[in-house]
Protein chains: 2
Amino acid sequence: MGTTAKALSLLDHFSRARPAIGLSELARLAGHSKATCYRLMGELIDHGLAEQVPGGTDYRIGPAVLRLASLREAAVPMRDAALPVVQRLAVAVGETAHVSHLVAGRLVTLAFAYGAPSGMQVLMEDADVLPFHATSSGQAVLAFLPHARVDAILAGPLGAATPATLRDPDVVRARIAATRARGWASTEDTFESDVSSLAVPLFDAAGQVLGAMAVAAPSTRMKQAARGPILRRLVAAAAEVMGAWGGQAPAELIALWRGIERDQG
Amino acid sequence: MGTTAKALSLLDHFSRARPAIGLSELARLAGHSKATCYRLMGELIDHGLAEQVPGGTDYRIGPAVLRLASLREAAVPMRDAALPVVQRLAVAVGETAHVSHLVAGRLVTLAFAYGAPSGMQVLMEDADVLPFHATSSGQAVLAFLPHARVDAILAGPLGAATPATLRDPDVVRARIAATRARGWASTEDTFESDVSSLAVPLFDAAGQVLGAMAVAAPSTRMKQAARGPILRRLVAAAAEVMGAWGGQAPAELIALWRGIERDQG
DNA sequence: ACCGTTGGTTCATTATACGAACCGAACAGC
DNA sequence: GCTGTTCGGTTCGTATAATGAACCAACGGT
């Protein structure tokens with residue numbers, strides 16, 4: 001592993017639940033020596049990607065990421081383009097909607113919106129990492145990813161805390177095949193109890209999977225009758241986002257989606 | 001220089017004006033060999049901090065920075081806290097207002113707002129890097145920075161395109177001393193012709209300079225009579241932002257600002 | 001067909017990163 | 001006050017990983 005990769009992977013240990021980490025703990029988490037972490041964090045700090053909390057010694061993510069994110073969105077406004085669409089989708093179906101983005105082998109929440117200002121809704125947070133095996137978004141992505149990348153992801157550390165039944169490669173592959181055949185993914189009570197969701201994949205201009213768009217609802221409201229309208233609106237919203245991103249779904253998927261739109265037209 | 005520092009400094013060559021760069025050009029800009037840049041960019045790409053533009057070979061900033069920025073703002077909501085304040089300030093004075101942040105030795109625009117939806121206003125962009133010597137924000141920061149850091153900054157590459165008169169260390173130090181003595185900085189036609197601005201520094205809880213808040217206006221409107229009201233509102237807004245950030249101005253500066261508030265009460 | 005440029009790759013040389021051991025400080029239990 | 005543990009940070013000889021000149025093949029203009 002390269003030195004730069006080590007340094008950058010240190011940043012992966014920070015999250016909403018763990019916004020600041022001390023040197024010894026970080027060394028333990030990363031599996032490096034304290035000296036190594038100290039030097040690497042020093043380099044990250046020099047460039048503002050990390051900083052020490054004022055008045056303390058813990059480390060946290062630095063302010064330079066704001067500048068980079070601003071430049072990224074100025075160059076490639078994916079979030080800007082997706083957010084209004086998920087907002088309209090959420091309101092239209094009355095449930096939580098979100099778009100996730102496949103980045104460096106992880107599925108990250110890019111934008112989300114709630115369908116109602118009050119009442120019961122599935123809660124989310126930006127920048128969350130979604131497990132592939134237990135979310136409809138993850139399945140939608142896996143279903144349209146090249147086999148090699150699917151294998152790489154399934155071989156990764158995703159399933160350490162996953163029930164064996166879901167980790168079984170045959171089971172996973174069967175779910176993936178079914179998802180690819182019908183053009184959309186669904187889960188019931190797998191990621192979280194009493195939560196059901198529907199998802200469709202999103203593609204770039206070359207037909208590569210970029211992420212997914214999904215609607216998540218309490219299982220009590222996601223009845224069979226409710227799925228048709230939600231799915232149709234979800235497909236339309238996905239097409240809109242892909243249009244804004246300059247993406248293009250594979251021809252076979254477009255045909256499947258046309259069929260969905262016709263159902264109960 | 002460490003390997004990680006080299007890799008991260010590659011990201012510094014991307015900007016709004018230059019959102020994508022090819023391998024050879026990047027190697028030329030960074031002063032490394034193509035092989036080195038290729039490897040370093042590869043490591044950045046593995047972590048999503050960079051990516052190759054789909055369908056091409058140029059490199060650009062990657063999507064992982066969005067996740068990091070989201071985590072940063074969740075942990076330390078500096079921009080969230082500053083934005084509404086600058087928006088109110090801009091409307092109150094009818095001119096462009098902005099907050100800049102000192103990160104890794106550079107002064108970066110963190111948030112800004114225009115004072116009117118139409119008519120003549122000083123334009124800005126997020127994530128811009130401000131030159132220390134030619135902006136009121138830069139002078140406000142330099143005036144309250146430890147001498148050692150001032151020297152480090154003035155020795156940096158900031159002044160390559162700067163008129164000699166402004167680069168003269170004695171001149172710079174005189175301006176800094178004057179700014180410190182009165183508690184606020186101002187410029188007229190230095191950064192851009194016909195633009196005048198007023199700025200005050202911002203501090204963290206330990207009394208370290210974090211950045212600056214400023215109001216920029218066309219010189220024709222920034223007359224002597226207009227400065228009093230603008231300065232008073234600027235000081236009040238700066239205090240509000242520092243409160244939200246958990247910061248604290250040095251006692252001597254607070255005294256100076258009290259005097260400003262009393263003038264033409 | 002030529003020339004200059006591009007993105008990408010190879011490999012022997014060398015500079016860089018590494019971690020065990022160490023330090024002083026802070027803190028808890030006794 | 002003493003002891004043991006943990007903390008953030010530092011040192012230094014060793015070993016690993018980074019380096020860039022030279023080299024491809026491919027593309028575009030003349």
Side-chain angles (χ1 to χ4, degrees), chain A residues 1-14 17-62 75-76 104 146 148-149 204-206 208, chain B residues 1-14 17-62 75-76 104 146 148-149 204-206 208:
Chain A
M1 182 172 27
T3 309
T4 305
K6 276 184 209 147
L8 297 180
S9 71
L10 288 181
L11 293 176
D12 288 340
H13 296 98
F14 296 89
R18 230 196 193 116
I21 309 181
L23 178 61
S24 295
E25 191 179 358
L26 188 58
R28 237 176 285 125
L29 289 170
H32 304 305
S33 73
K34 277 195 302 176
T36 298
C37 284
Y38 179 72
R39 254 177 312 104
L40 295 178
M41 288 307 290
E43 302 215 48
L44 293 178
I45 288 172
D46 286 343
H47 283 260
L49 254 72
E51 72 176 8
Q52 283 186 292
V53 311
T57 58
D58 280 9
Y59 298 93
R60 68 182 180 197
I61 295 175
V76 193
R149 295 192 58 189
D204 69 7
Q208 304 287 320
Chain B
M1 183 174 22
T3 308
T4 304
K6 277 184 208 143
L8 297 180
S9 71
L10 290 181
L11 293 176
D12 287 340
H13 296 99
F14 295 89
R18 222 191 201 125
I21 309 181
L23 178 61
S24 295
E25 191 180 358
L26 188 58
R28 235 176 288 126
L29 288 170
H32 304 305
S33 71
K34 278 195 300 178
T36 299
C37 284
Y38 179 71
R39 253 178 315 101
L40 295 178
M41 288 307 289
E43 300 214 50
L44 294 179
I45 287 172
D46 286 343
H47 283 261
L49 254 70
E51 73 177 6
Q52 282 187 291
V53 310
T57 58
D58 279 9
Y59 299 93
R60 69 183 179 197
I61 295 174
V76 193
R149 295 192 60 190
D204 70 6
Q208 304 288 320

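The sequence lines fix the lettering, A, B, ..., with proteins before strands; numbering per chain opens at 1.
Annotation: salt bridge (charged side-chain N to carboxylate O under 4.0 Å, His left out) contacts of E43(B) (sequence neighbours excluded): none. Legend: residues meeting salt bridge (charged side-chain N to carboxylate O under 4.0 Å, His left out) with D12(A), ordered by chain and number and at least two apart, are R106(A). Applying the side-chain contact (heavy atoms from CB on, under 4.5 Å) rule to A148(A) yields no partners; only residues at least two apart in sequence or on another chain are considered. For A17(A), the side-chain contact (heavy atoms from CB on, under 4.5 Å) partners two or more places apart in sequence, or in a different chain, are S15(A).
First and last contacts of DNA chain D with chain A, using any nucleotide atom under 4.0 Å from a protein heavy atom and ordered 5' to 3', fall at dC7(D) to dA18(D).
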Let me have the donor-acceptor pairs involving side chains of residues 30-42 of chain B, under 3.5 Å, with sequence neighbours excluded, atom names and distances please.
from: S33(B); atom 1: OG; to: T36(B); atom 2: N; distance (Å): 3.2
from: S33(B); atom 1: OG; to: T36(B); atom 2: OG1; distance (Å): 3.0

Under 3.5 Å, side-chain donor or acceptor atoms of residues 19-29 of chain A against the rest of the protein: list the pairs with distances, not counting sequence neighbours.
from: E25(A); atom 1: OE2; to: R18(A); atom 2: NE; distance (Å): 3.3
from: E25(A); atom 1: OE2; to: R18(A); atom 2: NH2; distance (Å): 2.9

If you restrict it to nitrogen or oxygen atoms, what contacts under 3.5 Å exist between nucleotides 18-20 of chain C and the protein, and what is each distance?
from: dC18(C); atom 1: OP1; to: K6(A); atom 2: NZ; distance (Å): 2.8
from: dC18(C); atom 1: OP2; to: R39(A); atom 2: NH1; distance (Å): 3.1
from: dG19(C); atom 1: OP2; to: S33(A); atom 2: OG; distance (Å): 3.3
from: dG19(C); atom 1: OP2; to: T36(A); atom 2: OG1; distance (Å): 2.4

Pick out the pairs of N or O atoms, protein on one side and nucleotides 22-29 of chain C on the other, that lie under 3.5 Å.
none

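An angle of 50°, rounded to 10°, separates the two end axes of the helix from dA1(C)-dT30(D) to dC30(C)-dG1(D), each defined over five pairs.
Summarising the geometry of H13(B) relative to S9(B), their closest heavy-atom pair is ND1-O, 3.3 Å, with the distance given to 0.1 Å.
Residue pairs meeting the salt bridge (charged side-chain N to carboxylate O under 4.0 Å, His left out) criterion with at least one member in residues 44-55 of chain B, sequence neighbours excluded, are R72(A)-E51(B), E51(B)-R60(B).
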Pair I61(B)-V76(A), side chain to side chain contact (heavy atoms under 4.5 Å, CB included): steps then yes or no: CA-CA 9 Å; I61(B) 295 174; V76(A) 193; over 6 Å; no
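For the contact set between residues 45-59 of chain B and DNA chain D, defined by any heavy atom under 4.0 Å, there are no members.
The CG atom of L10(B) sits 9.0 Å away from atom OG1 of T4(A), with the distance rounded to the nearest 0.5 Å.
Residue R28(A) is the one, among Y38(A) and R28(A), whose nearest nucleotide of DNA chain D lies closer to the 5' end (criterion: closest heavy atom).
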